[in-house]
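Keep in mind it's a predicted model, so treat the numbers as computed, not measured. Only heavy atoms go into these numbers, but all of them, side chains included; no hydrogens, no water, no symmetry mates.
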Amino acid sequence: MPKNSKVTQREHSSEHVTESVADLLALEEPVDYKQSVLNVAGEAGKQKAADEELDAEDRPAWNSKLQYILAQIGFSVGLGNIWRFPYLCQKNGGGAYLVPYLVLLIIIGIPLFFLELAVGQRIRRGSIGVWHYVCPRLGGIGFSSCIVCLFVGLYYNVIIGWSIFYFFKSFQYPLPWSECPVVRNGTVTVVEAECEKSSATTYFWYREALDISNSISESGGLNWKMTLCLLVAWSIVGMAVVKGIQSSGKVMYFSSLFPYVVLACFLVRGLLLRGAIDGILHMFTPKLDKMLDPQVWREAATQVFFALGLGFGGVIAFSSYNKQDNNCHFDAALVSFINFFTSVLATLVVFAVLGFKANIMNEKCVVENAEKILGYLNTDVLSRALIPPHVNFSHLTTKDYAEMYKVIKTVKEDHFSALGLDPCLLEDELDKSVQGTGLAFIAFTEAMTHFPASPFWSVMFFLMLINLGLGSMIGTMAGITTPIIDTFKVPKEMFTVGCCVFAFFVGLLFVQRSGNYFVTMFDDYSATLPLTVIVILENIAVAWIYGTKKFMQELTEMLGFRPYRFYFYMWKFVSPLCMAVLTMASIIQLGVTPPGYSAWIKEEAAERYLYFPNWAMAILITLIVVAVLPIPVVFVLRHFHLLSDGSNTLSVSYKKGRMMKDISNLEENDETRFILSKVPSEAPSPMPTHRSYLGPGSTSPMETSSNPNGRYGSGYLLASTPESEL
């Protein structure tokens with residue numbers, strides 16, 4: 001480039017100058033496109049080195065690959081692995097459930113997880129920027145992901161608050177939920193009636209912890225203990241994410257690894273408990289007929305979908321801080337199988353402990369019913385001839401009781417029901433399906449009261465839940481903060497703190513006495529359907545609009561190798577079809593099953609299933625509509641050109657030898673129209689033709705690349721040309 005050229009003179013000046021593309025190209029000598037990295041109308045993807053150089057200047061990066069992997073594991077491995085997967089495994093055929101889960105993990109989970117990792121790493125933006133780049137008209141996908149993350153984060157942190165409450169209550173012996181409280185009625189001391197009708201752990205959960213009302217319509221005011229715990233939970237999350245990945249990355253070393261230490265300890269301890277093998281054998285005994293049930297496959301697909309955190313934007317956000325040449329294909333397979341391994345490990349732990357609990361409860365049942373039989377023998381309701389001679393009531397085994405029960409039932413067939421005897425079968429105890437809060441805060445806490453050194457195990461268990469929840473919350477918050485900060489350039493610390501404060505005050509809804517019912521509503525309905533819609537549109541945007549062939553070519557350039565043909569077929573055909581079926585099944589399920597919740601009735605000391613009232617149904621529908629609304633709104637606005645997609649708004653900033661893309665609003669008749677037409681693909685490209693991946697089995701003929709629409713795909717980029725170094 002001539003030394004006295006206009007651009008060269010301004011290069012040596014510190015003044016920041018913005019000129020049109022026409023001026024720059026008109027005043028400078030022709031560029032040798034084979035030697036430079038000038039990129040016209042959306043071909044910025046070709047300038048890998050230039051992209052990395054520009055992004056590295058202002059975008060944070062992970063300190064190490066290990067930190068990144070732990071962050072993805074911490075986000076994907078959450079409370080659902082502990083209290084949802086074991087329940088589904090038990091409910092849907094034991095070991096047989098692992099077959100549909102693994103199949104769907106391979107054909108839906110890993111390909112879509114790889115897709116999100118790849119687009120985040122390739123485009124290096126949050127979910128809003130990524131989907132605006134891929135397809136501007138579907139740019140609403142990113143906004144919908146942020147809204148779903150907000151809904152999930154609101155109630156998910158309440159669960160962390162519950163765990164914090166139990167954590168601090170665990171520092172006492174005996175544990176406060178090990179025995180029913182007693183109340184004085186004058187000179188008489190009696191057991192609390194609500195506790196006596198249920199159990200000590202159930203009473204502690206519903207009355208001491210939640211102080212729950214009888215229905216969602218009865219607010220009952222704030223539960224101040226849980227309000228304080230929620231404040232602590234949001235303070236912890238805020239401190240973990242306030243600095244972005246610089247702070248959250250360090251937290252992940254502990255929050256991601258500590259749960260595995262606890263699970264390993266619980267597994268060893270659980271296997272040494274009496275009855276643990278009964279629970280594990282019951283868990284993994286396959287019921288092969290269940291594999292033919294469509295409901296099993298639907299629930300397996302939903303679990304795969306949520307276990308990996310697809311659609312939330314957290315996966316994309318974390319991946320966007322990677323280097324462009326990171327092997328995200330390996331990351332996708334590694335994190336997916338670690339997630340599956342964690343679910344199986346958690347299932348072993350849960351059912352080893354529940355097997356122990358089932359034996360304890362079965363022995364209690366035998367003792368209680370043996371006392372009934374002794375009473376009937378003493379009052380001559382039953383003849384002593386019915387009792388086998390080898391039975392010793394002072395050392396009655398479950399086998400002896402089963403034999404005695406069978407004889408009495410046969411002889412007293414006509415009047416047997418009046419005796420009120422229970423069969424006390426171990427299988428019945430093991431078949432009692434428990435999930436969610438019922439598993440963590442009732443069943444598991446009850447089992448731990450029978451452990452030696454029970455406070456230690458309780459502290460470890462709830463500290464594990466806090467860390468599992470924290471890892472997921474960091475990813476959820478990244479799904480909100482990263483795309484907003486990338487898109488609107490708001491101050492990171494101020495926005496993050498503002499989000500946490502806002503979420504705390506909105507979260508007060510969940511710490512009313514009726515708050516648990518709102519947690520159920522949000523958990524069941526605020527994310528399930530919206531996320532399935534989001535992910536299927538993500539798949540369609542990449543595979544059918546952006547183009548699977550083009551995407552595979554960019555992956556080849558980014559990774560240094562061509563991904564397996566398997567992904568081409570999964571993204572193009574199999575995954576969209578499976579996701580469409582899952583979406584329809586979710587809609588049908590929502591329509592067939594009236595939305596409701598399990599309410600705790602104080603007077604009955606029992607749960608009762610109630611339907612949501614009309615006002616709650618309105619909230620439920622509003623949650624779903626608000627979550628998916630940005631998608632059609634952005635589509636309509638951009639279809640009718642009411643909202644710019646950035647394809648015709650370009651100026652060039654030139655400073656210190658580097659031409660950088662800067663989006664601005666240009667007039668309709670701007671002089672750059674001679675280069676950029678309304679449709680970017682109509683613009684001629686000076687770039688030489690290149691070999692493009694045309695799908696599996698193709699010979700990759702020479703063709704001119706097309707230009708991607710979108711804010712990040714249109715424009716010129718000149719970096720480190722020989723002239724700019726003068």
Spacing of CZ belonging to Phe340 relative to CD1 belonging to Ile110, to within rounding of 0.5 Å: 10.5 Å
Salt bridge (charged side-chain N to carboxylate O under 4.0 Å, His left out) partners of Lys287, counting only residues at least two apart: none
Value rounded to 0.5 Å, distance of CD1 in Ile141 from CG in Leu537: 5.0 Å
Val241 side chain reached by Met473 side chain, heavy atoms, under 4.5 Å: no
pair Leu308-Leu105: side-chain heavy atoms closer than 4.5 Å: yes
Side chain to side chain, Thr528 and Asp524, heavy atoms closer than 4.5 Å: no
Side chain to side chain, Tyr87 and Val350, heavy atoms closer than 4.5 Å: no
CG on Leu263 to OG1 on Thr342, rounded to 0.5 Å: 7.5 Å
Nearest atoms (heavy-atom pairs only) where Cys499 meets Met477: CB-CE, 4.1 Å
Flag, side chain of Gln121 to backbone of Ser320, donor-acceptor distance under 3.5 Å: no
Any Ile73 side-chain heavy atom under 4.5 Å of Asn339 side chain: no
With Ala61 via side-chain contact (heavy atoms from CB on, under 4.5 Å) - residues at least two apart: none
Short side-chain donor-acceptor distance under 3.5 Å, Gln303 and Glu299: no
Point-to-point distance, once rounded to the nearest 0.5 Å, from CG of Asn539 to CD1 of Ile545: 11.0 Å
Whether Asp486 side chain and Gly126 backbone form a donor-acceptor pair below 3.5 Å: yes
Close side-chain approach of Ser586 and Leu582, heavy atoms under 4.5 Å: yes
Flag, side chain of Asp523 to backbone of Val519, donor-acceptor distance under 3.5 Å: no
Test item: Ser319 side-chain N/O and Val315 main-chain N/O as donor-acceptor pair under 3.5 Å: no
Partner residues of Ser343 under the side chain to side chain donor-acceptor pair (under 3.5 Å) criterion, sequence neighbours left out: Asn81
Pairing residues for Val633 by the side-chain contact (heavy atoms from CB on, under 4.5 Å) criterion, not counting sequence neighbours: Leu629, Leu637
ring-ring contact (aromatic ring centres under 6.0 Å, His included) against Tyr253, all qualifying residues, sequence neighbours excluded: none
Minimum heavy-atom distance Thr548-Phe568, with the two atoms named: CG2-CD1, 3.4 Å
Parallel, tilted or perpendicular: rings of Phe488 and Phe143 (30°, 60°): tilted
Side chain Thr583, main chain Leu529, donor-acceptor under 3.5 Å: no
For Ile236, all residues meeting side-chain contact (heavy atoms from CB on, under 4.5 Å), sequence neighbours excluded: Ile164, Val232, Leu470
Under 3.5 Å: donor-acceptor pair, side chain of Ser144, backbone of Ala627: yes
With sequence neighbours excluded, residues passing side-chain contact (heavy atoms from CB on, under 4.5 Å) with Thr347: Phe85, Pro86, Met283, Phe284, Phe351
ring-ring contact (aromatic ring centres under 6.0 Å, His included) partners for Tyr155, two or more places apart: none
Donor-acceptor pair, side chain of Ser127 and main chain of Gly313, under 3.5 angstrom: no
Residue pairs involving residues 292-322 (criterion ring-ring contact (aromatic ring centres under 6.0 Å, His included); sequence neighbours excluded): Trp62-Phe318
CZ-NE2 distance between Arg137 and His639, expressed to the nearest 0.5 angstrom: 5.5 Å
Parallel, tilted or perpendicular: ring planes of Tyr97 versus Tyr101, cut at 30 and 60 degrees: tilted
Residues which pass ring-ring contact (aromatic ring centres under 6.0 Å, His included) with Tyr567, listed by chain and number, not counting sequence neighbours: Phe114, His329, Trp571
Contacts of type ring-ring contact (aromatic ring centres under 6.0 Å, His included), residue Tyr525, not counting sequence neighbours: none
Close side-chain approach of Tyr133 and Arg125, heavy atoms under 4.5 Å: no
Whether Ser575 side chain and Met570 backbone form a donor-acceptor pair below 3.5 Å: yes
Set of salt bridge (charged side-chain N to carboxylate O under 4.0 Å, His left out) partners for Lys65, sequence neighbours left out: Asp331
Contact summary for Val626 and Ile147, nearest pair of heavy atoms: O-CD1, 3.6 Å
Spacing of Phe75 atom CZ and Ile474 atom CD1 [to the nearest 0.5 Å]: 11.0 Å
Over 12 non-hydrogen atoms of neighbours within 6.0 angstrom of CZ in Phe330: no
Under 3.5 Å donor-acceptor, Thr476 side chain and Cys149 backbone: no
Aromatic Tyr546 / basic Lys550 pairing, under 6.0 angstrom, 45° off normal: yes
Test item: Pro563 and Thr556 side chains (from C-beta on) under 4.5 Å apart, heavy atoms: yes
Minimal non-hydrogen separation, Val242 against Thr496, with atom names: CA-CG2, 3.8 Å
Test item: Trp544 side-chain N/O and Lys572 main-chain N/O as donor-acceptor pair under 3.5 Å: yes
Shortest non-hydrogen separation from Leu104 to Ala301 and the atoms involved: CD1-N, 3.5 Å
Over all atoms of both residues, closest heavy-atom pair of Pro60 and Lys492: CG-NZ, 4.0 Å
